[in-house]
Each structure stands twice: as C-alpha cells, then as structure tokens.
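This chain uses plain numbering: 1 for the first residue, then up along the sequence.
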Amino acid sequence: MEKQYVYMRSGFGWTTAVPESIDLTRVSSVLDIAAGTCVWLLDLAALPEVQTNVELVACDIDPRLFPSEAVLAQAGITTFQQDVTKPFDSRWLGHFDLVHISLLNPVLTREGWKKALDNVYRLLSAYL
C-alpha cells in the first residue's frame, strides 16, 4: 500500500497528502476509509497544520492491516473496523470535516459504490 501511495502521489504531482485547495486550518476531524496501513493518514499527520487540534481517525474492513499501536499513538490516530458499504455507527454521522477514500475501484461493484458514497456523505459535518 505504501508503494501504491508513493506512486499515486508522484504520478499526480502531489506535494502533500491533500490538494492545496483544502484549507487544513479549517479542518478539525479527518477520517481515512479503507486506510489499510494508514500511509495516507500518516503522511497527513506529519503536516504542521495537522499536528495540533486535528482528530485523525482510520477505518478498514481488516484491522490487521493497521500499523502497530505505538505508530498509531505517536501519530495520534484512532482506528476502528468498518465495511464502507455498511452504515457507520451513529456517533460518526456528521462528525468529519474531511473524508479520504481511495484504492477501492477494484473491490467495489456499482451497487457497492452507491452504498459507500451514501455512507460517506452521512459522515461529513456538512451533512448536518
């Protein structure tokens, strides 16, 4: 996953984990869906704008992919297990300012994408 992320970042010419159009000073909570090894979230966590006052959360269908507890704690990342095609726990609804989801094209069907995007939409703070 790390190699895929590095390839995507360099291939698209990204200089940081998020596009310049996103004002991270206005972001207080971030969720990385299908986070796997949390490579994207760890990259984001290293940014000065994120190191203070930004809640970092990761979920994946297989929590065995997450980094060690020590790595997660050092970066301030909270994790939970979640299938993106299933509804999220109500405590997360309307909670996040920024949601990241990538690399699911080969695993989701058209119906799976409909469910996933509907679930993701409900997570955004703008939903409320």
> With L117, which residues qualify under side chain to side chain contact (heavy atoms under 4.5 Å, CB included), at least two apart?
Replying inline: W113

>> So, using side chain to side chain donor-acceptor pair (under 3.5 Å) as the criterion, who are the partners of N119 when residues are at least two apart?
In response: none

> Do V54 and V30 touch side chain to side chain, with heavy atoms closer than 4.5 Å?
Replying inline: yes

> Between F88 and F80, how do the two ring planes meet: parallel, tilted or perpendicular, split at 30° and 60°?
Replying inline: perpendicular

> Can you name the salt bridge (charged side-chain N to carboxylate O under 4.0 Å, His left out) partners of D118, sequence neighbours left out?
Replying inline: R122

> Can you tell me how far CG of L24 sits from CG of L44, rounded to the nearest 0.5 angstrom?
Replying inline: 6.0 Å

> Considering only heavy atoms from C-beta outward, does the side chain of W40 approach that of V18 to under 4.5 Å?
Replying inline: yes

Compile the donor-acceptor pairs under 3.5 Å between side chains in residues 61-75 and protein atoms, sequence neighbours left out, one pair per line.
from : atom 1 : to  : atom 2 : distance (Å)
D62  : OD1    : R64 : N      : 3.1
D62  : OD1    : R64 : NE     : 2.9
D62  : OD2    : R64 : NH2    : 3.0
S68  : OG     : V71 : N      : 3.2

> Who pairs with N53 by side chain to side chain contact (heavy atoms under 4.5 Å, CB included), at least two apart in sequence or on another chain?
Replying inline: none

>> Does the plane of the ring in W92 sit parallel, tilted or perpendicular to the ring in F96? Use 30° and 60° as the thresholds.
In response: parallel

> For the atom pair CG (L123) and CD1 (I33), what is the distance rounded to the nearest 0.5 Å?
Replying inline: 5.5 Å

>> If I compare all heavy atoms of T85 with all of G112, which pair ends up nearest, and what's the gap?
In response: CG2-O, 3.6 Å

> How close do A58 and I77 get, heavy atom to heavy atom, and via which atoms?
Replying inline: CB-CG2, 4.1 Å

> Of the non-hydrogen atoms in A45 and L56, which two are nearest, and what is the gap between them?
Replying inline: CB-CD1, 3.5 Å

>> Tell me every residue that passes side chain to side chain donor-acceptor pair (under 3.5 Å) with S28, counting only those two or more places apart in sequence or in another chain.
In response: D97

> When rounded to the nearest 0.5 angstrom, what is the spacing between CG in L42 and OG1 in T37?
Replying inline: 7.5 Å

> How many angstroms lie between atom CG of L41 and atom CG of D32, to the nearest 0.5 angstrom?
Replying inline: 5.0 Å

>> How close do H95 and S29 get, counting heavy atoms only, and between which atoms?
In response: O-OG, 2.7 Å

> Roughly how far, to the nearest 0.5 Å, is the CG atom of D89 from the SG atom of C59?
Replying inline: 12.0 Å

